[in-house]
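What you are looking at is a predicted structure, and each value in this text was computed from that prediction instead of being measured.
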Amino acid sequence: MTGIEAPAWPQCGRPGPGERCQGRSVGSYTACLAHLDSAERAAHLASLIPGADLDHRGTPFTQSLFDELLAPLRDPVSGRARVGEALFDEVRFAGDAELEGIDFGGFCSFASAVFDGGVYVREVRAGDDFRLGAARVAGDVWLDDTEVRGDAWFYETRIKGTLRFCVREVGRGAMFKGMTCGDAYFSGVRVRGVASFGGAVIDGEAAFDGTVFEDGADFEKVRIAGRACFDGTRFHRGRACFDGADIGGELQFTEAHFATQATFDGAALGGDLSFSGARLEAGVSFRRAVFRRTARIGPLVCPGTVDFSDAVFEAAVTLEAAARKVCCRRTRWASTAALRLRYAEVDLSDAVLEFPVTVVGRTRQFVSPEGEAIAEPGLTDARVRVTSVKGVDAAYLVLAGVDLTGCLFVEAVHLDQLRLEGRCTLSCPPGGLRWIRRRTLAEEHHWRATGYGDGWTPAPPGVETHQPAVLAPVYRQLRKALEDGRNEPGAADFYYGEMEMRRHDATASRGERTLLRLYWALSGYGLRALRALAWLALAMTTTVLAMMLWGLPQADPDPVSEGATDGRRVTLTTRKPTPVNPQGPYTTRLSTVRFEKSVRVVTNSVIFRTSGQDLTTTGTYVEMTARLVEPALLGLAILAVRNRVKR
């Protein structure tokens with residue numbers, strides 16, 4: 001006993017090493033079991049029958065004395081000792097303590113006991129609680145082939161050696177809060193109540209293989225210096241809480257089953273995190289977790305949300321997950337990372353990327369170490385949808401094979417250095433002839449939905465709608481990103497979006513917006529070849545008609561020669577008469593001959609060549625106008641084709 005207050009039981013008081021014995025006096029005797037003389041001890045033990053209660057709190061024990069105590073309690077047929085209520089609080093065992101073949105029918109407590117050696121419990125049945133709380137054990141503690149129908153209580157127990165808690169079943173809760181030990185093994189245990197390991201310190205490795213926690217497990221702030229193995233562990237009902245845990249080595253959940261949410265909020269993980277073949281029926285949270293040397297997480301299959309918000313990855317990591325949602329808000333990557341995802345909706349808002357981070361939409365199922373495909377129950381939408389990169393410095397971000405139809409880009413920086421690899425899908429305008437088919441940003445949908453409706457996607461609740469002046473720079477940076485990646489056709493759509501936002505920007509000058517409207521109407525900003533060709537065809541048709549009706553003269557004038565002779569020399573001056581404007585009804589002017597001549601004039605005007613055709617004054621001005629407008633329209637059409645096929 002190390003406390004100041006005297007024990008609350010009749011004390012032996014016999015002299016002992018360093019202090020008087022504080023063991024409980026036995027029966028009507030004044031001494032504890034250890035200090036009775038041989039006759040008194042024999043008389044007391046003779047009075048015991050199987051099923052008797054035992055109260056030897058504070059008594060110093062040796063293994064031989066303990067065996068002597070249990071001898072009269074053993075059934076002569078089965079050889080098992082039957083004990084009622086057993087109180088061994090604050091006892092002191094010299095050497096190893098072996099508890100074997102004992103049935104405790106009631107409460108069994110070794111609270112604050114001190115064991116100079118190890119504790120070995122074999123084939124013990126506890127009908128009620130089994131308590132080793134605040135005990136001090138210099139060696140190992142083994143509980144093999146043991147059953148506890150009540151609580152297993154190891155609160156603040158100090159074990160210098162290994163804890164081997166191979167209990168078949170704990171009928172109620174298991175309390176290991178504040179416990180310290182070397183290695184810890186809990187393989188195959190079934191705990192019907194809440195299992196609490198909060199604040200426990202395990203200086204070696206911990207194994208919970210095949211353990212069943214029927215009412216949840218609390219590992220909050222537990223510290224495990226080495227590897228922690230939960231292969232095949234079952235977490236039923238209440239959540240599996242690892243908040244604030246510090247795991248120095250690998251953390252394995254191979255083939256584990258989580259019926260409710262698992263949380264690792266604020267945990268510090270020092271090794272790989274394996275969920276191969278694990279079954280998660282709800283979400284898993286790693287908020288504010290620190291991954292120190294984690295190189296791989298997964299494969300993780302989760303029909304709910306996998307939350308890495310505010311987590312820190314200090315080493316290069318590969319994450320493999322098939323989940324409904326992966327949340328990486330304000331996550332910080334201090335090294336390279338590869339996120340290989342399936343089905344997931346990914347939120348990267350305000351994430352901090354110090355090294356390249358790649359988000360890849362994986363098309364193939366993940367496989368187990370044995371090469372078998374891992375089932376993905378509860379997941380149906382095969383797309384990997386990135387919903388937001390707002391607030392991200394995109395200089396180190398790579399998106400490959402993902403869906404960006406609902407992605408928010410506003411507030412991201414260095415979008416001109418974003419890399420889009422593979423087939424990255426963006427949203428399109430509504431169908432119909434009114435809208436040109438192109439790739440658009442979700443934010444443009446949100447803005448247009450406020451004024452146009454008819455198929456444009458409105459902003460989700462809580463998402464701000466941005467004006468064209470804000471969206472134009474976003475389109476411009478994304479255009480440059482694709483151009484730097486030699487994806488000119490893809491960049492063309494972002495250029496179109498940029499020009500559209502500039503055309504609708506209410507803060508721009510009227511003259512700039514007018515020019516942009518004209519540019520849009522004539523050729524779709526130099527990107528719609530058919531529009532430019534349509535205008536060219538219309539201009540040429542109009543020019544041909546103008547030539548036939550007013551531009552070609554009534555008839556081609558013949559040259560007239562005039563001269564004078566002086567007997568030795570003749571001088572001739574040739575004068576061409578002024579072309580006569582056509583006369584007569586318009587129907588007579590629309591002849592085949594005049595059409596052929598008009599086409600020749602118009603065709604030559606498109607390529608800056610003179611037709612050599614005599615024209616009226618009106619025709620001359622019409623030709624001059626055509627030679628200015630029609631080559632420009634042809635150039636716009638050629639530019640549009642080039643922008644679509646350029647590599």
| Distance-only polar pair, side chains of Asp272 and Ser274, donor-acceptor under 3.5 Å | no
| field | Short side-chain to backbone donor-acceptor contact, Gln63 and Glu98, under 3.5 Å | value | yes
| query | Taking side chain as C-beta onward, heavy atoms only, is Ser349 less than 4.5 Å from Lys390? | reply | yes
| Going by atom types only, do Ser368 and Glu370 share a side-chain donor-acceptor pair under 3.5 Å? | yes
| message | Using every non-hydrogen atom in the two residues, find where Cys12 and His35 come nearest and quote the distance to one decimal. | response | SG-ND1, 3.6 Å
| query | Got a donor-acceptor contact below 3.5 angstrom from the Arg190 side chain to the Glu169 backbone? | reply | no
| query | Does Phe186 have its ring centroid less than 6.0 Å away from the ring centroid of Phe176? | reply | yes
| Hey, which of Asp307, Thr331, Thr263, Asp243 is the one that makes side chain to side chain donor-acceptor pair (under 3.5 Å) with Arg287? | Asp307
| What are the two closest heavy atoms between Leu341 and Val359, and how far apart are they? | CD1-CG1, 4.2 Å
| said: Between Leu379 and Arg342, does the side chain to side chain contact (heavy atoms under 4.5 Å, CB included) criterion hold? Intermediate values first, please. | reply: CA-CA 9 Å; Leu379 299 172; Arg342 286 174 56 78; over 6 Å; no
| task | Quick one: closest heavy-atom pair of Val402 and Gly361, and the distance? | result | CG1-N, 3.8 Å
| Whether Arg385 side chain and Thr387 backbone form a donor-acceptor pair below 3.5 Å | no
| said: Quick check: closest heavy atoms across Asp128 and Phe107, and the distance to 0.1 Å? | reply: CB-N, 3.6 Å
| task | Using the six-membered ring wherever Trp is involved, compare the ring planes of Phe313 and Phe291 and label them parallel, tilted or perpendicular (cut-offs 30° and 60°). | result | parallel
| query | Would you say Leu280 and Phe258 make side-chain contact, with heavy atoms under 4.5 Å? | reply | yes
| request: Taking the side chain as every heavy atom from C-beta outward, state whether His44 and Leu33 have any atom pair closer than 4.5 Å. | output: yes
| said: Quick check against the 3.5 Å criterion: does Arg20 have a side-chain atom that pairs as donor or acceptor with the backbone of Gly13? | reply: yes
| Is Arg330 paired with Asp310 through a side-chain N to carboxylate O contact shorter than 4.0 Å? | yes
| Are any of the side-chain heavy atoms of Glu345 and Thr305 separated by less than 4.5 Å? | no
| Does a sphere of radius 6.0 Å around CZ in Arg340 hold more than 12 heavy atoms from other residues, nucleotides or ligands, not counting ones at 6.0 Å or beyond? | no
| query | Taking Arg332 as the fixed residue, which of Val312, Leu353, Asp350 is the one that meets the side-chain contact (heavy atoms from CB on, under 4.5 Å) rule? | reply | Val312
| message | Can you confirm whether Arg288 is buried at CZ, in the sense that more than 12 heavy atoms of other residues, nucleotides or ligands lie under 6.0 Å from that atom? | response | yes
| Does a side-chain N-to-carboxylate-O contact under 4.0 Å join Arg80 and Asp75? | no
| Parallel, tilted or perpendicular, as decided by the 30° and 60° cut-offs, for the rings of Phe219 and Phe197 | parallel
| query | Given the side-chain rings of Phe230 and Phe213, with only the six-membered ring counted for Trp, is the space between their centroids under 6.0 Å? | reply | no
| For the residue pair Phe366 and Phe275, is the inter-centroid distance of their aromatic rings smaller than 6.0 Å? | no
| Got more than 12 heavy atoms from elsewhere within 6.0 Å of OH, Tyr120? | yes
| query | Is there a side-chain contact between Glu40 and Thr30 (heavy atoms, below 4.5 Å)? | reply | no
| said: What's the separation between atom CD in Glu281 and atom NE2 in His236, rounded to the nearest 0.5 Å? | reply: 8.5 Å
| Do any N or O atoms from the side chain of Ser25 and from the backbone of Cys32 form a donor-acceptor pair under 3.5 angstrom? | no
| task | Assess whether salt bridge (charged side-chain N to carboxylate O under 4.0 Å, His left out) is satisfied between Asp89 and Arg24, documenting all intermediate values. | result | CA-CA 10 Å; Asp89 298 350; Arg24 193 191 194 289; over 6 Å; no
| message | Can you tell whether the side chains of Arg82 and Asp103 come within less than 4.0 Å, N to carboxylate O? | response | no
| request: For the pair Arg92 (side chain) and Asp116 (backbone), establish whether a donor and an acceptor sit closer than 3.5 Å, ignoring hydrogens and angles. | output: no
| How far apart are the C-alpha atoms of Phe61 and Phe110, what are their side-chain angles, what is the distance that settles it, and do they pass the ring-ring contact (aromatic ring centres under 6.0 Å, His included) test? | CA-CA 12 Å; Phe61 270 94; Phe110 288 84; 8.8 Å; no
| said: Please report the interatomic distance CG(Leu132) to CG(Leu163), rounded to the nearest 0.5 Å. | reply: 9.0 Å
| task | Inspect the contact between Arg164 and Asp144 and indicate whether a charged nitrogen and a carboxylate oxygen are less than 4.0 angstrom apart. | result | yes
| query | Could you go step by step and tell me if Ser335 and Val317 meet the side chain to side chain contact (heavy atoms under 4.5 Å, CB included) rule? | reply | CA-CA 8 Å; Ser335 187; Val317 65; over 6 Å; no
| message | Any carboxylate oxygen within less than 4.0 angstrom of a Lys/Arg side-chain nitrogen, looking at Arg172 and Asp129? | response | yes
| query | For Phe208, does its backbone N or O pair with a side-chain atom of Thr233 as donor and acceptor, under 3.5 Å? | reply | yes
| query | Under the side chain to side chain contact (heavy atoms under 4.5 Å, CB included) criterion, do Leu36 and Tyr29 qualify, and how do the steps go? | reply | CA-CA 8 Å; Leu36 292 175; Tyr29 303 105; 3.6 Å; yes
| query | When rounded to the nearest 0.5 angstrom, what distance separates CG in Leu319 from CG in Leu300? | reply | 7.5 Å
| request: Measure the CD-CG distance between Glu85 and Leu54 for me, rounded to the nearest 0.5 Å. | output: 9.5 Å
| query | Would you say Asp381's side chain and Arg383's backbone share a donor-acceptor pair under 3.5 angstrom? | reply | yes
| query | Does the Glu147 side chain pair with the main chain of Arg125, one donor and one acceptor, at a distance under 3.5 Å? | reply | no
| said: Would the distance check show the side chain of Asp209 and the main-chain N or O of Ser187 forming a donor-acceptor pair, the cut-off being under 3.5 Å? | reply: no
| request: Apply side chain to side chain contact (heavy atoms under 4.5 Å, CB included) to Leu273 and Phe253, showing your working. | output: CA-CA 8 Å; Leu273 187 57; Phe253 292 97; 4.1 Å; yes
| message | Check this for me: does any side-chain nitrogen of one of Glu214 and Arg192 sit under 4.0 Å from a carboxylate oxygen of the other? | response | yes
| Cut-off 3.5 Å, side chains only: do Thr260 and Arg237 have a donor facing an acceptor? | no
| field | For the student: nearest non-hydrogen atoms of Glu376 and Ala322, plus distance | value | OE2-CB, 3.9 Å
| Atom pair CZ/SG of Phe286 and Cys328 - distance to nearest 0.5 Å | 11.0 Å
| request: Check Gly23 against Trp9 and note the closest heavy-atom contact, atom names and distance. | output: C-NE1, 3.9 Å
| field | Spatial distance of atom CZ (Phe88) from atom CZ (Phe93) [nearest 0.5 Å] | value | 6.5 Å
| request: Could you tell me whether the side chain of Phe130 reaches within less than 4.5 Å of the side chain of Arg149, counting heavy atoms only? | output: no
| said: Do Lys177 and Asp218 make a side-chain contact, defined as non-hydrogen atoms from C-beta onward lying under 4.5 Å apart? | reply: yes
| Does some side-chain heavy atom of Leu69 sit less than 4.5 Å from a side-chain heavy atom of Leu45? | yes
